[in-house]
Amino acid sequence: MPDRINQLQQLIKDANNLHINSEWLAHAGVIEYFPEELVITIKAGTKISNIQTELAKHNQMLPFFIKTADMSIGAAYAQGAQDLSDCVLGVKIIDGTGAYLNFGGQVMKNVSGYDVARLLSGSKGKLAVITQISFKVMPISYMTQLSAPIKRATTSQLHQHIEQKLKQVFDPRGIFN
Amino acid sequence: MKVIQRLLTQLPQGIVLTGKENTRPFECDGLSVYRQKPLAVVLTENIAQIKQVLKICKDNNTPVVTRGAGTGLAGGAMPLKNSVVLGLSKLNQVKSIDVKNRLAVVDPGVRNIAISEAVTQHGLYYAPDPSSQIACTIGGNVAENSGGVHCLKYGLTVHNVEAIKMLTIDGEELILSRQDDGLGLLALMNGSEGLLGIIIEITVKLTPTPILARVVMAGFDSVRECANVVADIIKAGIIPAGLEMMDSFAMEAAEGFAQVGYPLDAKALLLCELDGTQTQVQAELDSVLKILSDASTVKVSESEEERLNFWKGRKSAFPAVGRLSPDYYCMDGTIPRRHLADMLEKINELSQKYQLRVANVFHAGDGNLHPLILYDANIEGELEKVEEFGTEILKLSVDMGGTITGEHGVGVEKLNAMCHQFNAKELAIFHKIKAVFDPKSLLNPGKAVPELHRCAELGAMHVHHGKLPHPELERF
Amino acid sequence: MQTIDIQNLKANDIIRKCVHCGFCLATCPTYQLLGDELDSPRGRIYLIKSALENHHFSKKSIIHLDRCLTCRSCETTCPSGVEYGQLIDIGREFIEQKRPLWQKVYRYFVRQFLTTPILFNTIGLIFRHSKIKGKPIKPIVKIGKVLLLGGCVQPVLAPNINHSIKNILAKLGYETVETPQKQCCGAVDQHLSAGHDALAKIKRNIDTWLKIEVEVIISSASGCGLMVKDYASMFKVSDPYYQKAQLIVNKTKDIAEFLADQDLSQLNLEKIDISYHEPCTLQHGQQLGGLVDSILSSLGYQQTPVVDSHLCCGSAGTYSIFHPKLSQKLRVNKLKHLQASNPQMIVTANIGCLMHLQKQAKIPVKHWVELLDNQA
Ligand SMILES: Cc1cc2nc3c(=O)[nH]c(=O)nc-3n(C[C@H](O)[C@H](O)[C@H](O)COP(=O)(O)OP(=O)(O)OC[C@H]3O[C@@H](n4cnc5c(N)ncnc54)[C@H](O)[C@@H]3O)c2cc1C
Ligand code: SF4
Ligand code: SF4
């Protein structure tokens, strides 16, 4: 297991109140990129612009709307958007107990277990620390104009209640704020 | 039984089936070797009735197993002991079509293909097309996050569902949409196998029918060559609308039914669909034909009728295998495409080791394999052998960086394999997610996610005997 | 699919071929209407399997087998090649013992009425659909001789059908002999699980028809044609009647099969907008789907595809008598789809469908061959 992951696990176990951002995460870089598989696996602290440079070398791109390439991919994932979530294939996370967990993978289709990799997209850093993400990428020639996806806050009490409960599943001590 | 009595008295006559005789035909889904009779089957006709069933079951701590068309291949809709089957097949109306925004709102029991039929007059269709699309329901598709021949380019069910309405075990309605800010709850419901809630209404995205679609059908002298071509096509920067492979066994079966004109002397067959405008298709076709220069036969569909015929064979391949063998066991591992050829060779070796024939027919473009292990369930001990064989294939999939199930789900069939793919902490998270929605564990309990002690026992047995025991269904 | 100790080997073979995939649910008319697995082919196969495996079988299940139209749409759909039509016959025979007495009596009388010419001919006249139009024509040149099956109800209800066929054949140079005995092909008995009575009729038919020297036996009612084509399968291979039946089967053709090979350019066509209803017995039973369509379009009849053309119209032999509600629903749906293109006439290929559809159709329903013998 990479050193930084061990460090992060320890930091989380020791913490009572954490605000996750990419500086704190300090975990960046492309882990694996298989152009012929249309899959890239990246550490969550990687800047989007760096990923784009890497993909462009093979005439490929991230097939979702990017507001600013200056942010980290982990941050974009945490904010969440329907088109980004569509391309997520797998994540590795550290939950609020410090456990390092793997959901999904690097393949296009995967229905083993619940889709935690897509569930956590939009979790705003409140449920777990995302350390790495695998995305499906596309040849540039297949992409049309991308536009900003619409987002709407939910007003349903039941919905909010379920989100609350799910936070407790991943962060039972309530340390991510 | 109190539950049965309440169901019979509180629901209209004729929709509650009880007694061995009439519940037996519901004892299994598309995987018929695993069977269990339920207490009762309720074929609900509206949402109010579903709520009533849920209430009665909750009051009596009775498990509920939701059923669409029962075409699942993992035992997802197989009843549990003393459970009530909640059948949704009567809820089969397309409620509204929004041509401008390319959306349709449908009941959960609408058949997948019926959606496309209903919107074809508007030049639209519903893209995900499981081979079972003529029969399977959209509710079942969402519950399994089903894929299909055209998912390489157009996405899986999760990519084509705009919103759902679901019922929790408490009978409360919850609407989940792609536009929700916050956690990906809609994605979570896709592939939830009936464990988190009952999906009662689906808003699906519709796709414009392409101006032109053509299928290239190529035969190869070896499986390896064919598998390599799959990787080459993607490497060349082409995303076909469909990219499928069949081996000679599967071809023979499909040809027996559909009389397509598949090249029966080839060892492997590739079907590659290209769609778009006339120029797009021609450009892609030219590139693909170049890549196919080593193929033993190449044929391109010349008419829409011929194109559909090429697919007809592929789409009926599973049941057509019933012509060659009384039973088959369908595996569903997904692996990175670059390992396709190796995997197929390994499967071939295993087939010799176990002395069981295998027919391969699968979504090559997605790396989603469907080895069909042919066997005879009437021969004692054969099923156990098949299960062992299957487990080996699934483990190989995981070891190659893939997954145990790409689109059919875990159900009861792949519970043991789940232990191989996830560790105890990950499985614990799954159980806790279920508890958020269903604290008393009444919705399809015991399916999809193995109990931790099951994996522990399995691990222990691994060490002691070096082989896997067969699933004990009665334990639920 | 796994089976446990099924004694009937033929049934066992058929059931084992079913892989429980559920494809057939999609094209079964009763499942489409009722949404109940027990009223689907897969469910019925399961009920029969249970019955043969010696599980409890009561009148609770008879209703589901009765509701089957025997349209065999499921057979066309089944990729695995399950011979459902044969299985349901075995199943029905097996469960017949469980049928309540009043039903047995009722079914007996319906059967006798339809298959006893003296009874039916008198009352049938009241329901007559259409009379003969125009004069009979004699062949000018004779290139062959055919035997035209009368059918049991058709000559009384719609005599013009065979009249037209005789004229068409005459123009093509064929002399027609008609069956001397206006007797049922056996289908009615067979479908009401009276295999014994059916067999008696079949043997009598075989003996009579073999005496007539013709190369071809033509049927103009696809239901009867299907039954006759199945004659050989009614006998064990060792039965002397098996060979004889095989001779009959080899000669039997639906009128569409016969006309498909002929030059029809000299015929006098009735020019009218039509919509064609394909009988189940033709498309699923005889597996001749699309043949009549192609003949009609080659003759210049333009047709828009009919939605759900694979589904039964609800006539299905005696079905409309025993299951009026379901039969009605199917007819309503069928007529809606058939009339979607605003045709002036509906044509079909089986007397049962014809009479059944006509009862509710606002426009005339005829046999398609009548178009080819225009008397106007
Ligand atoms: C021959 C054959 C070919 C197939 N090909 C493919 C293929 O290409 N791709 C593919 O992905 N699958 C394929 N399948 C598998 C199967 O058809 C799909 O999984 C399908 O989505 C199941 O739909 P169903 O309506 O039959 O669901 P069922 O089998 O009835 O149920 C499946 C699961 O979903 C749950 N469920 C059903 N409806 C609801 C609901 N409304 N709310 C909550 N839970 C629900 C059930 O509890 C169960 O766990 C194939 C199956 C067969 C037999
Ligand atoms: S389609 Fe054929 S194999 Fe499939 S369930 Fe129906 S009868 Fe059985
Ligand atoms: S014969 Fe027709 S009605 Fe009977 S099961 Fe088959 S499709 Fe359904």
Side-chain angles (χ1 to χ4, degrees), chain A residues 34-39 58-60 79-80 82-83 85-86 88 95 97 99-124 127 138-142 149-154 156 158-163 165-170 172, chain B residues 144-145 147 151-152 155-156 158-159 168 172 174-185 187-188 190-192 196 231 234-235 237-239 334-338 363 366-368 401-410 414 418 421-423 425-427 429-430 432-433 436-437 448-449:
Chain A
F34 297 103
E36 75 278 14
E37 298 279 349
L38 305 173
V39 175
H58 295 273
N59 294 320
Q60 294 183 342
Q79 276 180 11
Q82 33 188 291
D83 55 348
S85 154
D86 280 347
V88 172
D95 73 5
T97 69
Y100 186 49
L101 309 167
N102 182 13
F103 295 102
Q106 295 186 324
V107 287
M108 295 291 149
K109 292 162 111 177
N110 188 349
V111 290
S112 55
Y114 301 118
D115 196 348
V116 174
R118 289 197 180 95
L119 172 69
L120 293 181
S121 165
S123 57
K124 313 245 160 63
L127 270 69
M138 283 294 268
I140 293 171
S141 58
Y142 279 87
I150 306 163
K151 268 198 229 178
R152 240 176 263 159
T154 155
S156 144
L158 177 60
H159 195 138
Q160 285 161 3
H161 174 74
I162 289 173
E163 291 209 346
K165 288 265 193 170
L166 284 169
K167 176 170 166 66
Q168 286 165 22
V169 168
F170 288 88
Chain B
E144 300 284 11
N145 187 15
C151 289
L152 178 58
L156 307 163
V158 66
H159 301 115
T168 64
E172 283 186 89
L174 180 63
I175 295 174
L176 302 173
S177 150
R178 284 169 72 79
Q179 301 188 349
D180 292 342
D181 189 11
L183 296 180
L185 289 182
L188 178 70
N190 274 276
S192 58
L196 303 182
I234 310 273
K235 219 186 280 176
I238 299 169
I239 310 284
T334 303
I335 55 167
R337 270 183 294 263
R338 60 184 179 282
H363 310 297
D366 298 316
N368 185 196
T403 173
I404 56 168
T405 171
E407 56 178 21
H408 294 166
V410 175
K414 302 182 195 79
M418 280 290 280
Q421 185 162 345
F422 294 98
N423 65 33
K425 284 185 177 162
E426 288 154 356
L427 293 173
I429 292 270
F430 290 151
K432 286 181 198 155
I433 292 176
V436 167
F437 288 85
V449 184

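All values below were derived from every heavy atom in this structure, side-chain atoms included, with hydrogens, water molecules and symmetry-related copies excluded. Order of the sequence lines fixes the chain letters, A, B, ..., with proteins taken first and strands second; residue numbering starts at 1 for each chain. Since the model is a prediction, treat every value here as computed from it, not as a measurement.
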Could you tell me which portion of [X] (side chain, backbone, both or neither) has an atom closer than 4.5 angstrom to a non-hydrogen atom of chain B?
X: A/Ser121; value: backbone
X: A/Asp95; value: side chain
X: A/Asn59; value: neither
X: A/Val39; value: neither
X: A/Leu38; value: both

With rounding to the nearest 0.5 angstrom, report the [atom1] to [atom2] distance, [X] to [Y].
X: A/Asn110; Y: B/Asp366; atom1: CG; atom2: CG; result: 12.0 Å
X: B/Asn145; Y: A/Arg118; atom1: CG; atom2: CZ; result: 7.0 Å
X: A/Met108; Y: B/Arg337; atom1: CE; atom2: CZ; result: 5.0 Å
X: A/Leu158; Y: B/Leu174; atom1: CG; atom2: CG; result: 5.0 Å
X: A/Lys109; Y: B/Thr334; atom1: NZ; atom2: OG1; result: 6.5 Å
X: A/Thr154; Y: B/Asp181; atom1: OG1; atom2: CG; result: 9.5 Å

Over 12 foreign heavy atoms within 6.0 Å of NZ, A/Lys165: no
B/Arg338 bridged to A/Glu37 by N-O distance under 4.0 Å: yes
Top contributor to chain A contacts, counting heavy-atom pairs under 4.5 Å, from B/Glu426, B/Lys432, B/Lys235: B/Glu426
Partners meeting side chain to side chain donor-acceptor pair (under 3.5 Å) with A/Gln79 (sequence neighbours left out): none
Proximity breakdown for B/Glu407 and chain A, heavy-atom pairs closer than 4.5 Å: both
Heavy-atom proximity to chain A below 4.5 Å, by part of B/Leu196: side chain
Results of ring-ring contact (aromatic ring centres under 6.0 Å, His included) for B/Phe437 - residues two or more places apart only: none
N/O donor-acceptor pair under 3.5 Å between A/Glu163 side chain and B/Leu183 backbone: yes
Short side-chain to backbone donor-acceptor contact, A/Tyr142 and B/Ile239, under 3.5 Å: yes
